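Accompanying notes for the structure given below.
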Amino acid sequence: LRSVAGSGNHFVANSDEHDVYGYSNEESSVRNMQMNKRMQKMITCAQEDMPAPIVYGPAQATTTLVSWGSNKGAILDALEVLDDVNYLHLTWAQPFPHEHVGQVLRSAQRVVNIECNYSGQMHSVIKEQTGVSIEEQLLKYDGRPIYPEEIIATVRNLS
């Protein structure tokens with residue numbers, strides 16, 4: 001159980017590794033064994049637990065929008081107006097679904113990345129994990145949400 005903040009109880013942790021019994025251990029062999037165990041959990045998670053990202057709209061479209069998080073609603077609203085456009089919605093980033101995302105983006109004729117931040121953080125992850133560099137981006141960082149009209153204007157090259 002965790003302590004409630006301000007309750008007077010304290011939890012102390014060190015930076016040492018622990019062995020299979022939970023005891024602190026500084027041996028490099030134990031560290032390697034425990035890290036391998038953790039990384040295997042990530043592989044298993046990616047293969048068995050995490051659903052593939054969803055593509056909304058037509059399976060084959062001239063333009064593919066890619067985004068994550070709270071942009072989903074505005075993008076789905078924009079899809080109701082746009083023709084020949086689909087949307088790859090990313091719901092998790094670690095472990096990154098690189099095979100599925102890479103396959104969808106490499107098969108697209110045109111890709112537009114949509115994010116509510118200055119630097120295109122997810123684009124950086126996509127590029128690192130898939131090798132796909134997205135040339136077109138709609139980045140909004142004024143603290144307001146992205147609106148469907150902005151997405152429509154970007155897709156129609158009106159912005």
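Since the model is a prediction, treat every value here as computed from it, not as a measurement. The residues of the chain are indexed from 1 along the displayed sequence.
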*Do Ile146 and Leu82 share a hydrophobic cluster (ILVMFWY, side-chain heavy atoms under 4.5 Å, transitive)?*
yes
*Members besides Trp92 in its Ile/Leu/Val/Met/Phe/Trp/Tyr cluster (side-chain heavy atoms under 4.5 Å)*: Met50
*Of all heavy-atom pairs between Tyr87 and Leu79, which one has the smallest distance, and what is that distance?*
CB-CD1, 3.8 Å
*Nearest heavy-atom neighbours spanning Asn86 and Ala59*: ND2-O, 3.4 Å
*Is a donor on one side and an acceptor on the other found under 3.5 Å between the side chain of Gln34 and the backbone of His18?*
yes
*Distance in Å, Met35 CE paired with Gln40 CD, rounded so as to fall on 0.5 Å steps*: 13.0 Å
*Do Met33 and Met42 sit in the same hydrophobic cluster, where Ile, Leu, Val, Met, Phe, Trp and Tyr count as joined when their side-chain heavy atoms come under 4.5 Å apart?*
no
_Minimal non-hydrogen separation, Asp77 against Pro148, with atom names_ = CB-CG, 3.7 Å
Which pairs would a plain distance check flag for residues 96-103, meaning a side-chain donor or acceptor within less than 3.5 Å of a matching protein atom at least two apart in sequence or in another chain?
residue	atom	partner	partner atom	Å
His100	NE2	Pro53	O	3.1

*Using a distance-only test with no angle check, is there a side-chain donor-acceptor pair under 3.5 angstrom linking Lys140 and Tyr147?*
no
*Verdict with reasoning, Val55 to Val104, per side-chain contact (heavy atoms from CB on, under 4.5 Å)*: CA-CA 9 Å; Val55 176; Val104 170; 4.1 Å; yes
*Which heavy atom of Leu139 sits nearest a heavy atom of Ser119, and at what distance?*
CD1-C, 4.4 Å
*asked:* Give me the atom names and distance for the closest heavy-atom approach of Ala78 to Ile152.
replied: CB-CG1, 3.9 Å
_Under the salt bridge (charged side-chain N to carboxylate O under 4.0 Å, His left out) test, residues paired with Glu17 that sit two or more places apart_ = Arg31, Arg38
*asked:* Using only atom types and a distance under 3.5 Å, with no angle test, would you say the side chain of Asp84 pairs donor to acceptor with the backbone of Thr62?
replied: yes
_Taking atom CD as the centre, does Glu26 end up with more than 12 heavy-atom neighbours from other residues, nucleotides or ligands that are less than 6.0 angstrom away?_
no
*Any pair with a residue in residues 117-138 that passes ring pair (Phe, Tyr, Trp, His ring centres under 6.0 Å), sequence neighbours left out, goes on the list, sorted by first then second residue, please.*
Tyr118-Tyr141
*Counting N and O atoms only, with roles assigned by atom type, does the side chain of Asn71 sit under 3.5 Å from a partner on the main chain of Ile75, one being a donor and the other an acceptor?*
no
*Does a side-chain heavy-atom distance below 4.5 Å link Pro145 with Cys116?*
no
Side chains of residues 128-138: which donor-acceptor pairs under 3.5 Å do they make with residues two or more places apart or in other chains?
residue	atom	partner	partner atom	Å
Thr130	OG1	Ile126	O	2.6
Thr130	OG1	Val132	N	3.1
Glu136	OE1	Arg110	NE	3.3
Glu136	OE1	Arg110	NH2	2.8
Glu136	OE2	Arg110	NE	2.8
Gln137	OE1	Asn113	ND2	2.7

_Closest approach of Leu105 to Thr64 (non-hydrogen atoms, all atoms of both residues)_ = CD2-CG2, 4.2 Å
*Is Asn36 reaching over with its side chain to a backbone N or O of Asn32, donor-acceptor style, under 3.5 angstrom?*
yes
*Kindly determine whether Val112 and Val66 satisfy side-chain contact (heavy atoms from CB on, under 4.5 Å), including the steps that lead there.*
CA-CA 6 Å; Val112 180; Val66 61; over 6 Å; no
*State which residues pass salt bridge (charged side-chain N to carboxylate O under 4.0 Å, His left out) with Lys41; sequence neighbours excluded, sorted by chain then number.*
none
*Would you check if there is a donor-acceptor pair between the side chains of Glu115 and Asn117 at a distance under 3.5 Å?*
yes
_Same cluster or not: Trp68 versus Val125, using hydrophobic residues (I, L, V, M, F, W, Y) connected whenever any side-chain heavy atoms lie under 4.5 Å apart?_
yes
